[in-house]
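Please read the structure below before turning to the comments.
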Amino acid sequence: MEAPVAGIDVSKDKLVVYFQGKFYEFPNNKQGFEGVKQILPGGCKIGIESTGVYHINLVKYLGNEYDVRIINPLVLKKFKDFRGKKSDKNDAKKLAELVVSMGSEFTTSDARELTSQWDFVTRSIVRVKNRLRRDLILLGYRDSLSRENLNEVLRGDNVVLSEVRFLLEELERLEARKREIEEKLESVVSKDSLIFTIPGIGRTLGCIILARVADVKRFGDKKRFVAYCGLDPVVESSGKGVVSRGISKKGDAVLRRAFYLAALSAIRVNPVIKRFYEEHKGRLKGKELIIACARKLAVITWAVLYYNRPFDASE
């Protein structure tokens with residue numbers, strides 16, 4: 001039997017619930033969360049728009065009793081049936097309809113939240129390493145984070161060394177958390193996806209991409225998918241010609257970084273991306289070239305998932 005579906009419009013102060021043709025209103029607090037539980041049966045699919053921080057406590061409170069789908073606001077805007085006058089009730093109803101339309105493959109809140117945590121921890125590790133390199137230079141060492149170099153540095157004792165010790169402890173903690181998140185991600189994302197047939201997209205980045213993309217069928221063509229990733233080029237035309245202004249960066253930032261990191265590996269191991277890299281390295285340089293490779297990799301990923309066919313380098 002198919003699970004029932006509900007939609008909840010969340011604002012700072014209230015929750016508007018649509019369930020089986022009826023609307024309910026509750027305060028956005030613990031008392032309201034209990035009210036939601038009173039009317040929605042366990043296992044119910046619930047569509048909730050990502051609203052900054054206002055939806056987080058509700059999602060945590062619903063816990064494992066419900067199949068909660070966190071829906072990106074950009075998806076709502078592009079959803080072809082998401083029409084009509086803007087109102088809390090209309091939004092709640094449309095959220096429920098969107099869950100039905102998207103089907104069972106739409107990402108759960110747990111997987112999406114894990115990807116956000118992974119992205120935050122990964123960027124924090126980069127910042128800590130950069131600070132460590134800065135401290136090593138101040139102490140007269142090369143900016144190498146080799147164990148031998150660090151062990152030699154730690155034999156001294158001054159104010160900079162105190163920070164080095166603190167940063168090393170912080171780095172160890174962050175890397176442990178990163179491994180923990182990656183293990184959890186692998187447990188909640190399908191291991192059988194064809195995305196893992198694409199050279200350069202490893203286990204972790206593949207899980208992150210799948211969790212952020214959810215149902216790729218909602219992107220009817222590759223351009224919409226690339227735009228959702230924020231990898232679409234910005235081009236300005238004038239009387240002097242057409243000028244590239246980089247990428248839009250208006251899409252999913254976590255997804256964009258995942259494709260960028262995957263492109264760094266794909267340049268070495270993916271024959272299509274490797275060939276693309278070689279063909280364009282005379283015209284593009286540095287980060288600009290890597291971004292172009294990431295965009296190409298996003299197009300390949302869309303095609304593999306949309307048409308449900310394994311990666312084929314000959315196509």
Side-chain angles (χ1 to χ4, degrees), residues 50 52-57 59-60 63 70 108-189 200-212 229-230 246-247 249 251-269 285-291 293-294 297:
S50 176
V53 298
Y54 300 132
H55 70 285
I56 294 176
N57 288 333
V59 172
K60 289 181 178 179
I70 305 299
T108 64
S109 60
D110 282 348
R112 191 173 181 85
E113 175 60 22
L114 284 170
T115 62
S116 295
Q117 292 180 18
W118 182 90
D119 184 63
F120 172 78
V121 170
T122 300
R123 287 185 288 114
S124 297
I125 288 173
V126 171
R127 285 195 295 269
V128 169
K129 285 185 175 180
N130 287 340
R131 184 71 180 186
L132 273 170
R133 292 189 178 95
R134 173 258 188 197
D135 286 350
L136 289 176
I137 291 172
L138 285 178
L139 291 168
Y141 292 86
R142 292 182 299 109
D143 64 345
S144 171
L145 298 184
S146 67
R147 177 52 56 185
E148 179 183 357
N149 203 6
L150 289 170
N151 285 339
E152 183 178 346
V153 170
L154 292 173
R155 294 192 186 101
D157 186 23
N158 60 47
V159 67
V160 179
L161 281 170
S162 296
E163 179 173 91
V164 169
R165 293 188 179 94
F166 166 78
L167 290 173
L168 286 174
E169 292 174 1
E170 184 71 2
L171 183 60
E172 184 177 353
R173 185 181 68 84
L174 287 168
E175 289 180 335
R177 177 59 182 156
K178 182 170 176 278
R179 289 192 296 271
E180 180 183 341
I181 293 171
E182 290 172 352
E183 290 174 2
K184 288 183 178 179
L185 259 177
E186 292 188 21
S187 70
V188 298
V189 175
I201 298 183
R203 188 74 209 153
T204 297
L205 292 178
C207 287
I208 289 168
I209 292 169
L210 289 174
R212 304 300 293 191
C229 299
I247 56 176
K249 295 186 179 181
D252 189 312
V254 177
L255 195 53
R256 183 167 62 253
R257 280 189 285 272
F259 274 117
Y260 183 89
L261 292 173
L264 294 173
S265 297
I267 288 167
R268 302 190 308 271
V269 300
K285 297 184 182 298
K287 191 174 182 180
E288 188 180 16
L289 179 54
I290 304 301
I291 290 173
C293 291
L297 190 59

side-chain contact (heavy atoms from CB on, under 4.5 Å) between Ile125 and Lys129, worked out
CA-CA 6 Å; Ile125 288 173; Lys129 285 185 175 180; 3.9 Å; yes
Please evaluate residues Thr115 and Arg112 with respect to the criterion side chain to side chain donor-acceptor pair (under 3.5 Å), reporting the C-alpha separation (whole Å), side-chain torsions for both, the decisive distance (0.1 Å), and the verdict.
CA-CA 5 Å; Thr115 62; Arg112 191 173 181 85; 6.0 Å; no
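Between Trp118 and the choices Val121, Leu114, Thr122, the side-chain contact (heavy atoms from CB on, under 4.5 Å) rule is met once, by Thr122.
One finds the OG atom of Ser124 at 8.5 Å from the CZ atom of Arg173 (value rounded to the nearest 0.5 Å). Remark: Leu297 CG to Ile290 CD1 distance equals 11.5 Å, nearest 0.5 Å. Rounding to the nearest 0.5 Å gives a distance of 10.0 Å between OG of Ser116 and CD1 of Ile181. To the nearest 0.5 Å, the span separating CD on Glu113 from NZ on Lys60 amounts to 7.0 Å. Here Arg212 contributes atom CZ and Arg257 contributes atom CZ; the two are 9.0 Å apart, rounded to the nearest 0.5 Å.
A distance-only check finds a donor-acceptor pair linking the side chain of Arg268 to the backbone of Leu264 [under 3.5 Å].
Closest of all the heavy-atom pairs between Ala258 and Leu205 is O-CD1, 3.9 Å. Considering all non-hydrogen atoms of both residues, Phe259 and Ala294 come closest at O-CB, 3.6 Å. The heavy-atom pair separating Cys207 from Leu185 by the smallest distance is SG-O, 4.2 Å.
At a threshold of 4.5 Å between non-hydrogen side-chain atoms, the residues Glu180 and Gln117 do not count as touching. No side-chain heavy atom of Leu171 sits less than 4.5 Å from a side-chain heavy atom of Leu167. Using a 4.5 Å cut-off on side-chain heavy atoms (C-beta onward), Glu182 and Arg203 make no contact. No side-chain heavy atom of Asp119 sits less than 4.5 Å from a side-chain heavy atom of Ile208.
Counting non-hydrogen atoms of neighbouring residues, nucleotides and ligands closer than 6.0 angstrom, the CD atom of Glu186 exceeds 12 such neighbours.
Of the N and O atoms on the side chains of Ser162 and Arg165, not one donor lies less than 3.5 Å from an acceptor on the other residue.
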